[in-house]
Amino acid sequence: EADIYQTPRYLVIGTGKKITLECSQTMGHDKMYWYQQDPGMELHLIHYSYGVNSTEKGDLSSESTVSRIRTEHFPLTLESARPSHTSQYLCASSGGERSGGYTFGSGTRLTVV
Amino acid sequence: AQKITQTQPGMFVQEKEAVTLDCTYDTSDQSYGLFWYKQPSSGEMIFLIYQGSYDEQNATEGRYSLNFQKARKSANLVISASQLGDSAMYFCAMRSSGYSTLTFGKGTMLLVSP
């Protein structure tokens, strides 16, 4: 049973539309992350949060924005989708383990046409 | 700065054989952690194994073991007795002390044949 949930699983949307990718976790983890991954390629960190009202940009520049109003919820928003945003978006959280390893959601595969 | 290098874009192995996936890392930190994740074609990331830089023994988890050679800065994943379900992308990742974010390598595609 997944403890971190991403919706939608797949999304096809037209250029210029505003979209929000949802990510929620039930583990009470303080730290949450968004990674962007093109098919068969490496993961790039685009946003992370260390807790409520804390958000930081990652290594890869992204036109998306995030918010962290509640511990369990870390949505990602694209104000105006473009074909270059077509990718998989993976949400993760960490907090309880000694290792600091992540628990990942199932991902959202976004296609902008 | 942290860097993970996976030099094998693809690996092929026959069922029931062992396979080693290479990973080297670069960091100036003394305390760090190394991870391996599996990504099937469905896209989710599955945690496999973790090795801390101060752990004296190599990590093992079932059929997975991590060959950690600190002086060479390598953290190779060994999968024993490969199964068809092991076919997937495998990512090596690192977290340095003081940071919670993981840096990932480019991945290795493993194909297991009957």
Side-chain angles (χ1 to χ4, degrees), chain A residues 1-11 21 23 27 29-51 54-60 74 87-111, chain B residues 1-11 23 25 29 31-55 59 61 64 66 68 75 87-111:
Chain A
E1 185 176 328
D3 295 313
I4 182 164
Y5 306 90
Q6 287 187 246
T7 57
R9 184 74 177 90
Y10 300 93
L11 179 62
L21 308 185
C23 177
M27 296 170 285
H29 286 169
D30 286 329
K31 302 179 181 71
M32 296 189 73
Y33 316 85
W34 277 103
Y35 282 81
Q36 184 176 344
Q37 182 190 27
D38 291 334
M41 304 295 286
E42 65 198 289
L43 282 72
H44 293 285
L45 179 68
I46 51 174
H47 297 284
Y48 60 100
S49 168
Y50 286 156
S54 153
T55 61
E56 301 286 344
K57 289 187 180 295
D59 305 321
L60 180 68
F74 191 40
S87 191
Q88 170 160 255
Y89 294 84
L90 287 158
C91 181
S93 70
S94 67
E97 304 81 8
R98 172 183 73 93
S99 68
Y102 292 178
T103 301
F104 279 90
S106 298
T108 294
R109 294 195 182 189
L110 173 66
T111 302
Chain B
Q2 303 175 113
K3 187 176 181 180
I4 294 285
T5 302
Q6 294 180 254
T7 57
Q8 306 155 313
M11 290 286 286
C23 173
Y25 60 92
D29 294 319
S31 177
Y32 50 88
L34 296 155
F35 304 78
W36 278 92
Y37 285 84
K38 172 184 178 181
Q39 188 178 44
S41 58
S42 53
E44 73 270 28
M45 295 285 285
I46 302 167
F47 167 75
L48 295 178
I49 197 165
Y50 164 79
Q51 179 84 43
S53 58
Y54 290 119
D55 292 342
E61 291 284 351
Y64 304 108
L66 201 152
F68 181 48
S87 293
M89 280 287 284
Y90 288 81
F91 290 94
C92 181
M94 178 171 67
R95 180 185 64 81
S96 287
S97 175
Y99 298 92
S100 70
T101 57
L102 292 185
T103 299
F104 288 83
K106 293 183 183 296
T108 296
M109 172 64 76
L110 175 67
L111 292 177

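Within every chain, numbering begins at 1; the chains are lettered A, B, ... in the order of the sequence lines, protein sequences first and strands thereafter. Note that the structure is a prediction, hence the values are computed from the model and not measured.
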> For chain A, which of B:Gln6, B:Lys106, B:Glu44, B:Met89 has the most heavy-atom pairs under 4.5 Å?
Replying inline: B:Lys106
> If you tally heavy-atom pairs under 4.5 Å against chain A, which of B:Ser41, B:Pro9, B:Gly43 wins?
Replying inline: B:Gly43
Euclidean distance, [Y] [atom2] relative to [X] [atom1], rounded to 0.5 Å:
| X | Y | atom1 | atom2 | result |
| --- | --- | --- | --- | --- |
| B:Leu102 | A:Tyr33 | CG | OH | 7.0 Å |
| A:His44 | B:Thr103 | NE2 | OG1 | 11.0 Å |
| A:Arg9 | B:Ser42 | CZ | OG | 6.5 Å |
| B:Phe104 | A:Asp59 | CZ | CG | 11.5 Å |

> With a 4.5 Å heavy-atom cut-off, do B:Tyr37 and A:Tyr102 have their side chains touching?
Replying inline: yes
> Taking C-beta and beyond as the side chain, do A:Thr103 and B:Phe47 meet within less than 4.5 Å on heavy atoms?
Replying inline: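 A:Thr103 vs B:Phe47: side chains apart.
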> Between B:Gln39 and A:Gln37, do the side chains contain an N or O donor and an N or O acceptor separated by less than 3.5 Å?
Replying inline: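 Judged by distance alone, the side chains do pair up.
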> Is it the backbone or the side chain of B:Met45 that comes under 4.5 Å from a heavy atom of chain A, or both, or neither?
Replying inline: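 Both parts, backbone and side chain.
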>> Is A:Leu43 close to chain B through its backbone or its side chain, or both, or neither, when contacts mean heavy atoms under 4.5 Å?
In response: both
